[in-house]
Amino acid sequence: MSLHLAEISAAVAPGAHAVLLLDQAGWHLSEKLAVPPNITIIPLPPKCPELNPIENVWQFMRQNWLSNRVFQSYTNILDHCCHAWNKLADQPWTIMSIGLRDWAHRF
C-alpha cells in the first residue's frame with residue numbers, strides 16, 4: 001500500500017493535494033503505512049457500501065460473470081476475474097450507473 005500511495009503521490013500535480021477515501025482494511029490504515037505529505041487518507045465508516053461504489057462494482061461482477069462456478073485452479077480464478085473486469089471495462093455506461101450516487105449530485 002505504501003508503494004501504491006507513492007505512485008499516487010507522484011501523479012499529484014505540484015502544489016495540489018490528494019484525498020483518498022478508503023475502506024478500513026488493515027493495510028489501508030496501518031501505523032506502518034508511509035503516507036506522502038501530499039495525500040490525506042479519509043477512512044469510510046465500516047459496512048457502508050453505499051459510500052464505496054467499488055463494492056457495488058464487485059457485486060455486479062459476481063452476480064453477472066463470477067457466481068455459480070467451480071474454479072479449477074488459482075489461474076482459472078484469475079482468468080475469469082480478468083475476463084469479467086474486461087467485459088465491464090467495455091461498458092463504461094454500466095460502471096457509471098453502478099457507481100452513481102444520488103446524494104453526490106444533489107447540488
Sequence neighbours excluded - ring pair (Phe, Tyr, Trp, His ring centres under 6.0 Å) pairs with any residue from residues 19-56: none

Single-linkage hydrophobic cluster, 4.5 Å side-chain cutoff, L29 and L22 together: yes

By ring-ring contact (aromatic ring centres under 6.0 Å, His included) - contacts of H4 (at least two apart): none

Smallest separation among heavy atoms of K32 and S2, with atom names: O-OG, 4.3 Å

Residues forming a side-chain contact (heavy atoms from CB on, under 4.5 Å) with E7, sequence neighbours excluded: none

Only pairs under 3.5 Å count here: list side-chain donor-acceptor contacts from residues 8-16, not counting sequence neighbours, and write none if there are none.
residue: S9; atom: OG; partner: N38; partner atom: OD1; Å: 2.6
residue: S9; atom: OG; partner: N38; partner atom: ND2; Å: 3.3

side-chain contact (heavy atoms from CB on, under 4.5 Å) against W58, all qualifying residues, sequence neighbours excluded: I54, M61, R62, W85

Spatial distance of atom CG (L5) from atom CG (L20) [nearest 0.5 Å]: 6.5 Å

Partner set under side-chain contact (heavy atoms from CB on, under 4.5 Å) for L44, not counting sequence neighbours: L21, L51, N52

Solution key, residues 87-94 side-chain donor-acceptor pairs under 3.5 Å, sequence neighbours excluded:
residue: Q91; atom: OE1; partner: T94; partner atom: OG1; Å: 3.0

L78: hydrophobic cluster co-members (side-chain, 4.5 Å): Y74

side-chain contact (heavy atoms from CB on, under 4.5 Å) against S73, all qualifying residues, sequence neighbours excluded: T75, N76

